[in-house]
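To start, the structure under review is shown below, and the notes come after it.
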Amino acid sequence: MIFDIPASVLFGQLTLGLINGAFYALLSLGLAIIFGLLKVINFAHGAQYMLGAFVALLLLRHFGIDYWTALLLVPVLVGLFGAALERFLLRPIANENHLYSLLLTFGLALIIQGLFTNLYGTSGNSYPIPEVFRGALNLGFMYLPTYRAWVVVAALVACFLAWFVIEKTRLGSYLRAGTENPKLMQGFGINMPFLVTMTYGFGVALAAFAGVLAAPLYSVSPGMGANLLIVVFAVVVIGGMGSIVGAVITGLAMGLIEGLTKVFYPQGASTVIFLVMALVLLIKPHGLFGKEP
Amino acid sequence: MLNKTIKPLAAALALSLTTTGVTANEGISNNEVRIGYLADMTGSYRDLGGPGGLEALRMAVEDVGGQINGAKIVIYHADDRNSPDVGANTVREWIDRRNVDVVAGLVSSAVTIAATRILEEHNKLGLVSISASSAITNEYCTANHIHWVYDTYAMANGTAKAIVRQGGDSWYILAADYAFGHAMESDVERTVLAEGGTVRGKSRHPLSSSDFSSYILQAQASGAKVIGLANAASDTVNAITTARQFGLTDSGQSLAGLMVFINDVHALGLEATQGLQLTTGWYWDQNEESRAWAQRFYERTKRMPTMVQAGIYSSTMHYLNAVKATGTDEAQTVRRQMINTPINDMYTSNGHIREDGRMVYDMYLAQVKTPAESTGEWDLYKIVSTIPGEDAFRPLSESKCKLITQQ
Amino acid sequence: MNLIKTRLRTGHERTQLYLALALLAIGLVAPFVAYPMLLMKMLCFALFACAFNLLLGFVGLLSFGHAAFLATGGYITGYLLSRYTGLTPELGILAGTLAATLLGLIFGLLAIRRQGIYFAMITLALAQMTYFVFLQAPFTGGENGLHGLQRGKLFGLIELNNDLSMYYLVLAVFVFGFLLIRRTVQSPFGQVLRAIRENEPRAISLGYNVDAYKLLAFVLSAGLAGLAGATKTVVFQFATLTDAHWHMSGEVILMTLLGGVGTLLGPLLGSSLVVWLHHVLGGSALGNWISVILGVIFVLCVLMFRDGIVGYIQKFIKRNLR
């Protein structure tokens with residue numbers, strides 16, 4: 001017994017926390033990429049996550065497209081939509097104060113969420129768990145639904161792939177160089193604006209991917225991204241706004257902290273992350289892994 | 001403000017009219033009965049009351065012929081967006097600018113508490129049919145509103161009592177962390193303990209949580225026979241879905257929905273909810289009269305009515321009949337008439353309104369059918385037993401309502 | 001440069017005076033033409049937006065947590081008025097304002113050293129925690145809020161239940177807040193603030209205690225936002241969590257942006273438009289589209305109207321009426 005809670009329950013909660021953490025990591029990864037490389041504060045990330053889940057649902061309902069196809073198709077579709085947003089709405093204000101991108105994407109989030117609320121109401125819609133993942137795994141201290149185990153794996157793999165592309169490939173090096181000195185990169189013949197658009201699209205695609213993963217887990221509703229958004233923002237800020245590694249690690253850590261809070265003081269579960277954010281910002285103003293500009 | 005000059009003029013005019021022998025309508029202000037319908041039309045409670053409730057209200061108005069003794073019945077409606085600010089301001093504006101006589105609908109407890117204060121201040125009437133909190137006829141009771149359909153006390157009491165008596169004597173309570181959830185939680189706990197059961201654990205989750213895995217895990221670990229869900233709408237739906245994912249019911253534990261409605265069961269489907277026990281005040285299939293009315297409702301809306309929508313019809317009819325009988329729409333007179341008249345209609349056969357505004361009647365313990373047992377899209381419940389009104393609702397002896405304690 | 005400014009100021013000042021008098025006249029007559037409750041709502045939010053604009057427009061700091069001050073003013077006033085029935089409304093409002101000012105001091109001390117997005121995020125975090133406190137604390141009534149508050153008699157003499165009297169009090173409060181902001185902005189203190197906004201390192205090199213200036217502006221902004229909240233509570237006779245939610249912080253940003261950041265009249269115009277929009281759309285079938293419409297306005301403002309309506313008009317006048 002630890003603090004009056006049986007060890008098995010504690011491990012169970014930590015496992016769940018880790019799963020949520022992987023989810024946060026995936027979402028904050030997209031945000032961190034967009035901010036780190038584009039200096040855009042994408043307040044529409046939550047709405048884009050919701051779009052991913054909804055498009056998967058609609059594809060299933062109207063075209064019978066199954067989960068696995070959706071997992072690949074939806075991020076591409078929503079990513080392209082994101083790229084279009086960047087090209088037509090964000091590029092015009094790219095040279096202004098970055099807080100404007102925050103406000104514009106905030107407006108976009110209102111529009112997207114509002115539209116879907118009007119079209120589909122606020123009640124959740126269920127999305128079936130794919131056959132192969134039904135049932136649960138016996139971990140000894142708890143029964144873990146198989147689908148949740150899959151979510152952790154998928155999220156961590158996606159995070160790793162994204163990190164690999166950005167840190168270890170030529171494309172990634174162009175992006176990183178481009179943020180330091182876009183004129184120079186342009187001079188080398190690299191089409192920077194196109195790269196920027198694609199990067200935003202990629203970040204949005206990651207959010208949509210998380211959305212498809214989430215669809216069988218939570219009911220698909222227009223509001224599903226809203227509350228998640230400020231949590232994910234907090235994660236990114238705590239991790240350090242440009243740091244991809246920071247976003248992933250902090251996401252996992254926050255999942256754990258939130259999980260523990262749910263055991264000892266569940267009412268505080270949705271607020272504890274802000275407490276952590278305030279504390280971190282006071283001590284390390286640029287986040288745990290952030291760099292001084 | 002302009003009303004202050006118009007009202008005395010109107011009074012003088014009315015007075016002069018009566019002396020020339022015009023009809024028995026002096027009592028109906030503006031010669032119109034004005035009803036305001038305030039409900040959540042677009043949010044999480046839309047399917048519970050919402051636009052369907054407005055239809056039910058319209059049906060009641062049509063059934064009395066659209067007028068009372070020549071005075072036209074006018075309906076206003078607005079979306080309260082589940083916000084006490086919007087709700088209170090709407091009611092206030094209706095009273096200030098439209099001279100609304102009665103407000104119906106009223107969803108979240110916060111909206112109702114806010115609105116009834118304003119109704120009290122301006123002496124208008126409220127017909128609360130959707131709100132759940134039992135505090136509405138307790139600490140927050142006023143002489144200006146009536147509480148129809150159900151409340152947290154009755155739901156918790158009815159369900160908990162029945163389940164404990166059947167053998168479900170150890171409970172784990174999962175409550176939404178706000179006033180309504182707290183009220184449910186304490187009502188359930190009290191009932192379970194009073195019936196000789198035990199409460200193995202409780203936890204409160206933030207309102208509108210999406211992830212219930214942690215709480216379900218704790219519920220499983222508690223080993224309680226019954227997991228009581230003291231929450232509503234999306235929270236209940238998410239909790240039930242998560243419980244299924246974690247195989248909660250496979251290991252012998254059962255779920256008790258303390259605030260589950262037919263639209264939730266319909267949305268979740270019988271596979272997910274079969275066996276779930278709940279209390280309901282009304283079910284469309286309960287008798288001939290209810291079936292007939294439900295069929296009319298279905299033709300207009302393509303959905304079977306919830307008990308709330310039925311309650312809106314019933315309470316509005318009762319109100320309009322009271323206005324007709326007394327010849328006035330003055331709040332206190334009509335309310336007194338409503339209290340003095342028993343209710344025997346498509347909603348219930350033995351309802352009556354108490355001094356504290358609470359409409360008391362027999363409720364039902366129901367169980368959700370298995371997919372095999374169901375013969376139609378809306379054939380979802382079987383009625384297990386009747387819960388007498390005196391057993392279900394908070395007895396007046398325990399009441400903190402100022403109308404009762406100051407007698 | 002200075003000479004040109006002096007000459008402009010005289011002609012400018014006259015126009016400003018006429019404009020001010022015209023607005024005041026409108027303000028005095030308005031309750032006889034329009035629904036007083038709606039007007040009072042506009043004025044309260046106008047004060048809130050003006051307070052917010054002081055920080056954003058003149059110091060360059062975007063706070064994403066201003067709702068916390070609105071709510072603190074509202075709740076403290078509401079609680080005191082409900083608990084101490086003898087308390088006169090002006091004292092209640094004063095208490096609420098002081099509480100918000102104090103909160104502003106605490107938040108300011110914690111946030112002021114950060115810049116840009118980090119400043120915005122830390123104010124958001126602090127506001128979220130404030131929301132949580134208000135949600136849990138018994139005195140606020142949690143999700144239900146505080147209701148049935150009595151407006152009382154101003155100074156023990158003037159009956160505020162009369163909507164007209166209440167309106168003139170609110171108008172007076174707004175004018176007071178507005179003039180205070182105007183005075184601040186046009187004073188040497190305000191000039192230093194603007195210097196800090198334009199080029200903080202240079203201001204530091206000139207020897208100004210930049211943090212102290214920013215903190216003072218922050219506290220002033222917080223206090224006036226609290227005044228708006230406290231007054232609003234007396235007007236509507238309730239205080240709820242809506243005032244503390246981060247959507248409210250977003251709304252005030254929209255109001256200011258729409259009206260014109262860094263202008264004095266911009267927030268008044270922007271907030272009145274947004275409140276009016278809510279009012280007009282809320283009752284109609286378009287009610288569901290409110291957030292979409294607000295979102296579109298946001299996007300359009302950022303893309304094309306960064307100066308806001310008043311800012312655009314000012315630039316137009318400068319360009320064409322020389």
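We name chains A, B, ... by the order of the sequence lines, and we start the count at 1 in each one.
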In the structure I gave you, are the side-chain heavy atoms of C/Phe132 and A/Val272 within less than 4.5 Å of one another anywhere?
no
Taking all non-hydrogen atoms of both residues, which atom of C/Met121 and which atom of A/Met277 are closest, and how far apart?
O-CE, 3.1 Å
For A/Leu89 and C/Leu303 the tightest heavy-atom approach is O-CD2, 3.2 Å
Least distance between heavy atoms, C/Ser291 atom then A/Gly114 atom
OG-CA, 3.6 Å
Nearest heavy atoms of A/Leu115 and C/Val292, plus distance in Å
N-CG2, 3.5 Å
Name the region of A/Ile112, side chain, backbone, both or neither, that has any atom closer than 4.5 Å to a heavy atom of chain C.
neither
In short, C/Gln128 meets A/Ile230 closest at the heavy-atom pair NE2-CD1, 3.7 Å
Do the rings of C/Phe64 and A/Phe43 sit parallel, tilted or perpendicular, given the 30° and 60° boundaries?
parallel
Let me know if A/Leu99 has heavy atoms under 4.5 Å from chain C in its side chain, its backbone, both or neither.
side chain
Chain A shares the most heavy-atom pairs under 4.5 Å, among C/Val299, C/Leu257, C/Ile253, with C/Val299
Where on A/Ala278 is there a heavy atom nearer than 4.5 Å to chain C: the side chain, the backbone, both, or neither?
both
Closest approach of C/Tyr118 to A/Leu281 (non-hydrogen atoms, all atoms of both residues)
CD2-CD2, 3.9 Å
Engaged part of A/Gln267 at the chain C interface, taking heavy atoms whose separation is under 4.5 Å:
both
